[in-house]
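Throughout, a chain's letter reflects where its sequence line sits, starting with A, and its residues are numbered from 1.
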Amino acid sequence: MSQASTPLPPDYYLRNFHALLEQVQRQYEDLLLPEERRLCELFPSLCKDARMLYVRLLTRKGDVFRSSRLRYAEIRQGKKAAQELAEKELIAIDPALQLEKLLPLWSRQEWLTRLGALGQPTRGLASLKRAELDLVLTERLGELAASVPTIAGEPVYQLLNPDIFPVFKLLFFGNPYQDMTEFVLRDLGLYRFESYRLDRDTRLFRSREQIDAHLACHTLAEQLEVVLLEDAATILTFARTLPAQPADDPILSRRLQRMHYALARQLERLGHLAEALNLYRDLSLPDAQERQVRVLAKLGREQEALALCRERLAEREDTQHFPWRFGQRLARGLACDWPHRSAGKPKVEQLELAYTGEAVEHVAAEHFAALGDCHYVENTLLNGLFGLHYWPAIFAPAPGAFSHPFQHAPHDLHQDEFTALRADLLEEQHAAVARINEKTTDYQALWRDRFGCLNPFVYWQALNETLIATALERIPAAHWQAIFRRFWQDLKNNCSGLPDLILFPHEGGYELIEVKGPGDRLQLNQKAWMEYFAAHGIPHRVVQVSWRHD
DNA sequence: ACCTAACACACAGCT
DNA sequence: GTCCAGACTG
DNA sequence: AGCTGTGTGTTACAGTCTGGA
Ligand SMILES: [Mn+2]
Ligand SMILES: [Mn+2]
């Protein structure tokens, strides 16, 4: 309505569905079930009204609809369209339905009218709550044993094979999160995507089993939310029904692990430590391994907890805060030796500022503005320039990296083989960091050119040409190299925790400043960056603000 | 990748 | 009336 | 008071319309 500047054609949703359908058929025809393949073949042969009505049904909630609630201006002959869909067995008109499917289609008020029309007394029903009315209706209409058209008083349509569309969406997007709104938001100009080259030959799904496993996982994830509110026995039973983790599907495996983790964590809260521990043991998620150590300690099994800490540290000794820190405490309690770690805690400056009610970062930024140019950038400036610098590599074509036009990143960004598949390009760009200070006009142009393109690193609105220029002028190449290296070390975890402010003092140079309000403290990822800054001579400080009330 | 992830902040229990 | 959640739209 | 663990709220298109409390 309000996007008058960019109107969509009246059949926009039909075009979008055709695009999805064509790609699914082209890529996955051999993995489709008979009824799925039938839809691909049948759909294009329907008349336009029928196709539009079908897509309207698909994009609405549920599978049963009152015909009176399916009036669309762009569908000229809805009745005829429905009849064609029914002939082709894509929908059923007035099918036999369970009452609970029918009840939600009418409002409280409408049901009273319906009952009246059916010659039923309605005395006293007007004051009932919806749930109570539903009970009465179930009883009364059950006794009546009338047909669906009699009860409804108008045609009712049921979408047949409602499971097909979720399969097609999964095949098209490769995940269960994205849907047809991606098309709309893009076409309205609300989302912008990089125009990378699509790889139409590499498939995201190798087998029907894999597709079904993803769909099943999605269903289980929906059940999970409900189960988490239940008691320990229910949670445990549900955990046992989860499928085994597939060895050849890291994405599905991770999703299942996260579900196991959520269940175990809830068991822990309910006091079932041993059961939680059993679940944690089978998980390789870092969070789960941390919980394992904590639960062992809570159970009084400090020796085992300590042994686990040692194990973790032996795997990756680098920056693992938790096992070292927790292990240190355990070791002290058990009078064991524990390796010393020089990681000094960053010194924290106290700063008293007048209380204004604004966010502490803004107040602090204003304070530092007296010393130079100060910006509240958090994870936007360094990440942003990282994204600009590596933009061509991130969106470079690679086997299986891009399968549809609505991606924020290549599918394999967080997988091990990402770097190997782009080795040459990355090598080149790593080397180019040495000359990053000469790239100002390039990156300003890239910023203008690609502004708004969704991606994991560049938050376009937070940057501008001046900020890009100043950052490249003030921060030396060696520092960019160090920072970018840490991003690459762990793209998933190291892209957060960057300081709130950057100050470009009048006298030159720069400084990264993390602001902490009263009662706040450094988070682990923030602490890790501070230590890294210290180790690489990158100017930084932490200021703890206290409020001065006047 | 709103079925998440990043951040600040609130509060409890500990020393 | 009034507020809120959620379905639906482009 | 300071430390630690843990939980919470906010923020992601913008807008209309409906039903129910
Ligand atoms: Mn911050
Ligand atoms: Mn901060």
Q) Using a cut-off of 4.0 Å on non-hydrogen atoms, how would the nucleic acid contact of A:P176 be classed: base, sugar-phosphate, or nothing? A) base
Q. Atom CG of A:L252 to atom P of B:dC3: distance rounded to whole Å?
A. 18 Å
Q: Could you state the atom-to-atom distance from CZ of A:R325 to C1' of D:dC3 in whole Å?
A: 9 Å
Q: Take the protein atom CG of A:D520 and the nucleotide atom P of D:dG9, then report the distance between them rounded to whole Å.
A: 18 Å
Q: Assert yes or no for the condition that the ring centre distance of A:F193 to A:F406 is strictly below 6.0 Å.
A: yes
Q | Closest to the A:R254 side chain, choosing from B:dC3, B:dA5, D:dT4 | A | B:dA5
Q.
Here's a test of your reading of the structure: between A:N379 and A:P410, which maps to the more 5' nucleotide of DNA chain B?
A. A:P410
Q: Give a yes/no on whether any side-chain N or O of A:Q526 is located under 4.0 angstrom from OP1 or OP2 of B:dA8.
A: yes
(Q) If you only use heavy atoms from C-beta on, which nucleotide in D:dT6, B:dC3, D:dG19 is closest to the side chain of A:R69? (A) D:dG19
Q. Within the structure shown, what part of the strands sits under 4.0 Å from A:R265 by heavy-atom distance: base, sugar-phosphate, or nothing?
A. sugar-phosphate
Q. Can you check the A:H214 NE2 to B:dC3 P distance for me, whole Å?
A. 18 Å
Q) With respect to the phosphate group of B:dC3, does any side-chain polar atom (N or O) of A:Y177 fall under 4.0 Å of OP1 or OP2? A) no
Q.
Mind checking if A:L8 touches a base, just sugar-phosphate, or nothing, with heavy atoms under 4.0 Å?
A. sugar-phosphate
Q.
Taking any heavy-atom pair under 4.0 Å as a contact, classify A:Q178: base, sugar-phosphate, or nothing.
A. base
Q) Which part of the nucleic acid, if any, lies within reach of A:F173 when heavy atoms closer than 4.0 Å are counted: base, sugar-phosphate only, or nothing? A) nothing
(Q) Between A:W529 and A:S496 (side chain of the first, backbone of the second, donor and acceptor by atom type, cut-off under 3.5 Å), is there such a pair? (A) yes
(Q) Check this for me: A:R269, atom CZ, are more than 12 non-hydrogen atoms of other residues, nucleotides or ligands nearer than 6.0 Å? (A) yes
Q: Take the protein atom CD of A:E290 and the nucleotide atom C1' of D:dT6, then report the distance between them rounded to whole Å.
A: 11 Å
Q.
What's the gap between C:dG6 and D:dG9 when it is taken at their P atoms, as a whole Å value?
A. 16 Å
Q: Name the nucleic acid region contacted by A:D500, choosing base, sugar-phosphate or nothing; use a 4.0 angstrom heavy-atom cut-off, strictly under.
A: sugar-phosphate
Q.
Can you see if the side chain of A:K516 gets near the phosphate of B:dA8 - specifically, an N or O under 4.0 Å from OP1 or OP2?
A. yes
Q: Inspect the surroundings of CD in A:Q109 and state if more than 12 heavy atoms from other residues, nucleotides or ligands are less than 6.0 Å away.
A: no
(Q) Determine whether the aromatic ring centres of residues A:W391 and A:F457 are separated by less than 6.0 angstrom. (A) no
Q) How far does the P atom of C:dC4 sit from the matching atom of D:dT10, given to the nearest Å? A) 13 Å
Q.
Considering every strand and a 4.0 Å limit on heavy-atom distances, what is the contact class for A:R108: base, sugar-phosphate, or nothing?
A. sugar-phosphate
Q. Closer than 4.0 Å, any side-chain N/O of A:Y13 to the OP1 or OP2 of C:dT9?
A. no
Q.
For a quick check of understanding: with a heavy-atom distance under 4.0 Å over all strands, which category does A:F183 fall into, base, sugar-phosphate or nothing?
A. nothing
Q: Look at atom CD of A:Q461 and say whether more than 12 heavy atoms of other residues, nucleotides or ligands are closer to it than 6.0 Å.
A: yes
Q: Looking at every strand, decide which applies to A:E268 at a 4.0 Å heavy-atom threshold: base, sugar-phosphate, or nothing.
A: nothing
Q | Euclidean distance, atom CG of residue A:N525 to atom P of B:dA5 [Å, nearest integer] | A | 13 Å
Q. So, is A:R291 close to the D:dT6 phosphate, meaning a side-chain N or O under 4.0 Å from OP1 or OP2?
A. yes
Q: Could you measure between the two P atoms, the one in D:dA14 and the one in C:dG1, and give it in whole Å?
A: 30 Å
Q.
Expressed as a whole number of angstroms, how long is the span from A:K298:NZ to D:dT4:P?
A. 18 Å
Q. Taking only side-chain nitrogens and oxygens of A:R329, does any of them come within less than 4.0 Å of OP1 or OP2 of D:dG5?
A. yes
(Q) So A:E222, base contact, sugar-phosphate only, or nothing? Heavy-atom distance under 4.0 Å. (A) nothing
Q | Rounded P spacing from B:dC3 to C:dA7 in Å | A | 13 Å
Q. On a plain distance test, is the side chain of A:R186 in donor-acceptor contact with the base of C:dG10 below 3.5 Å?
A. no
Q: Classify the nucleic acid contact of A:E74 as base, sugar-phosphate or nothing, counting any heavy atom under 4.0 Å across all strands shown.
A: nothing
**Q.** Nearest-angstrom distance from the residue atom CG of A:D11 to C1' of C:dT9
**A.** 15 Å
Q) Can you check whether A:R56 has a side-chain N or O nearer than 4.0 Å to OP1 or OP2 of C:dG10? A) yes
(Q) I want to check one thing: is the phosphate of D:dT6, taken as OP1 and OP2, less than 4.0 Å away from some side-chain N or O of A:R294? (A) yes
Q: Could you please name the option among D:dT4, C:dC8, C:dG10 that lies closest to any side-chain atom of A:Y72?
A: C:dC8
Q: Please check the phosphate of B:dA8 (OP1 and OP2 only) for any side-chain N or O of A:Q523 closer than 4.0 Å.
A: yes
Q) So, does A:R258 use its side chain to make a donor-acceptor pair with the main chain of A:L285 at under 3.5 Å? A) no
**Q.** Any A:R269 side-chain N or O less than 4.0 Å from OP1/OP2 of D:dG7
**A.** yes
Q) Does the gap between the ring centers of A:W488 and A:F484 come in under 6.0 Å? A) no
Q. Checking all strands, does A:R15 fall into the base, sugar-phosphate, or nothing category for heavy-atom contacts under 4.0 angstrom?
A. nothing
Q | First of A:H411 and A:A359 reached from the 5' end of DNA chain B, by closest nucleotide | A | A:H411
